[in-house]
Amino acid sequence: MIDIQLLRSEIDTVAKRLAIRGYTLDTAGFGSLEEKRRQIQTATEQLQSQRNALAKQIGQAKAKKDETQAAALMRQGAELGEKVKQMEAENGTVQEELHKFVSLIPNLLHASVPVGSRPEDAVEQRRWGEPRKFDFRAKDHVDIGAGLGGLDFDTAAKLAGARFVVMKGAVARLHRAIAQFMLDTHTGEHGYTEVYTPYMVSGACADGVTSLAKFKDDLFKIDGRDLYLIPTSEYSVTNFMRDEIVPLEKLPLKFACHSPCFRSEAGAAGKDTRGMIRNHQFDKVELVQIVHPAKSYEAHEQLTGHAETILKKLELSHRVITLSAGDTGFSSAKTYDIEVWLPGQNAYREISSCSNFEAFQARRMQARFRNEKGKPELVHTLNGSGLAVGRTLIAVMENYQRKDGGIDIPLALRPYMGKIETIEPAR
RNA sequence: GGAGAGGUGACGGAGCGGUUGAACGUGCCGGUCUCGAAAACCGGAAUACGCGCAAGCGUAUCGUGGGUUCGAAUCCCACCCUCUCCGCCA
């Protein structure tokens with residue numbers, strides 16, 4: 001949520017900044033809603049004040065045993081009470097309306113975010129390694145997986161329909177090894193605390209990290225309950241801070257979480273339907289940081305670096321881009337995507353998204369710290385994939401494939417794979 | 001799933017229909033004392049919002065949401081959560 005005070009005091013500036021990301025702020029609509037709110041709230045509070053004063057007088061009259069006086073005042077109170085109730089209801093409605101209006105506004109972008117709304121408007125920050133060259137025609141992970149007997153989309157479809165996968169044997173183990181490797185790296189070398197969380201969260205938590213009203217169609221909801229399957233553990237982990245005020249010295253908080261992620265992919269019909277690039281269920285190791293507002297951009301660079309480390313250790317060529325204004329997510333002020341080279345697609349594809357949300361999420365979930373003056377202040381929140389496990393598996397399979405259909409295990413993963421150094425094609 | 005107990009400020013813990021935003025204690029901040037510290041004593045300190053140039057005034061908040069009442073932390077209802085016992089279970 002953006003700061004409503006800012007909306008009140010500098011609406012034109014806010015509108016201009018939102019326009020950069022292609023969002024048209026209804027300034028007139030806000031103005032009239034805000035005016036209405038001002039009137040109703042003031043009127044309500046005045047009535048409440050009258051009611052409270054009257055109640056106090058009645059109390060005093062009763063204390064003095066002046067029953068006549070008390071009875072007269074109580075008649076007045078009954079009348080006033082009705083008015084108060086009506087006004088309070090009206091006030092509740094307008095406050096809710098205003099809150100809804102504001103909560104649907106996306107975050108303001110950082111000044112360094114490239115203008116534009118197309119993917120091509122993203123700015124490449126850096127590139128690491130060379131796309132691997134093969135002296136044979138490189139296959140994609142679907143064909144490699146079939147050859148290894150390790151990826152089975154037919155069985156998955158039988159179980160749950162499209163966009164799922166069944167992994168078997170050494171490939172399933174490799175998938176597990178990748179997750180372990182990531183967690184160990186982030187906890188052992190980057191100072192993150194490993195956490196395990198619920199895979200379902202309440203609607204309030206979902207609304208804490210983004211707009212539930214806007215994005216509920218992307219989530220799987222538990223039938224008849226206020227519970228959603230997490231589309232990323234950002235949903236569970238960031239909400240550790242919901243309604244909390246932590247001491248200054250606790251910051252920064254750094255959490256790493258391995259979890260499955262569930263996404264309905266409602267708007268992705270026909271996109272990336274082959275293989276396991278875009279599934280309803282995938283594993284991810286998520287990095288979450290809760291930091292002092294003055295440190296969030298520094299933390300953003302570090303967190304992105306932590307995610308990149310995984311790819312470097314796996315010797316996978318990748319690049320880092322700053323998403324364009326139009327592509328930056330609803331809650332984010334600035335996002336770096338890390339894209340890994342996929343020979344099967346002959347392209348760099350997203351494997352991590354690292355965002356600084358500034359106080360946007362913190363304001364939604366009232367996540368605060370006690371600042372240098374001892375006053376509560378909103379924290380800044382960040383997160384990034386470190387990395388998507390399924391897509392990393394794809395990258396490993398495609399980049400480490402051999403002409404005979406087998407794959408080599410990257411050195412960094414071998415400690416997690418027993419004595420296995422390769423996965424050989426199925427007979 | 002059944003039976004019971006309970007959810008109050010940073011924490012412990014009173015209050016159980018009326019000057020209670022909330023006693024008291026601990027912790028915290030400032031001061032007195034001290035060479036310094038401890039102890040003792042004095043004082044201060046919640047959050048959000050509204051109106052106002054400001055001083056200030058007002059409103060809301062005692063798990064959440066409703067209700068009763070002139071007035072609710074206190075009474076009633078529903079829900080959530082925690083604890084104890086029983087049952088069941090990975």
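Here is the naming used below: chain letters follow the sequence lines, and residue numbers restart at 1 for every chain. Keep in mind the model is a prediction, meaning the values are calculated, not measured.
- If you check B:C70, B:A48, B:U69 against the side chain of A:Arg368, the one that comes closest is B:A48.
- At least one donor-acceptor pair under 3.5 Å links the side chain of A:Asn239 to the backbone N or O of A:Cys205.
- The base of B:G58 lies close enough to the side chain of A:Glu45 for a donor and an acceptor atom to sit less than 3.5 Å apart.
- When rounded to the nearest whole Å, the span between CG of A:Leu378 and P of B:A48 equals 9 Å.
- Checking B:C51, B:A60, B:G18 against the side-chain heavy atoms of A:Arg38 singles out B:C51 as nearest.
- Comparing the P positions of B:A22 and B:G44 gives an interatomic distance of 13 Å, to the nearest angstrom.
- To the nearest angstrom, P of B:U61 lies 12 Å from CG of A:Asn91.
- Here the nucleotide nearest the side chain of A:Asn52, chosen from B:A60, B:G18, B:C49, is B:A60.
- Taking every side-chain heavy atom of A:Ser49 into account, B:G58 is the closest of B:A60, B:C70, B:G58.
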Exercise. Where do A:Arg37 and A:Glu97 land on the salt bridge (Lys or Arg N to Asp or Glu O under 4.0 Å) test, with the steps shown first?
Worked result: CA-CA 9 Å; A:Arg37 186 227 96 228; A:Glu97 230 177 303; over 6 Å; no

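- Using cut-offs of 30° and 60° for the angle between ring planes, the A:His186 and A:His190 rings count as tilted.
- Taking every side-chain heavy atom of A:Lys85 into account, B:U69 is the closest of B:U59, B:U19, B:U69.
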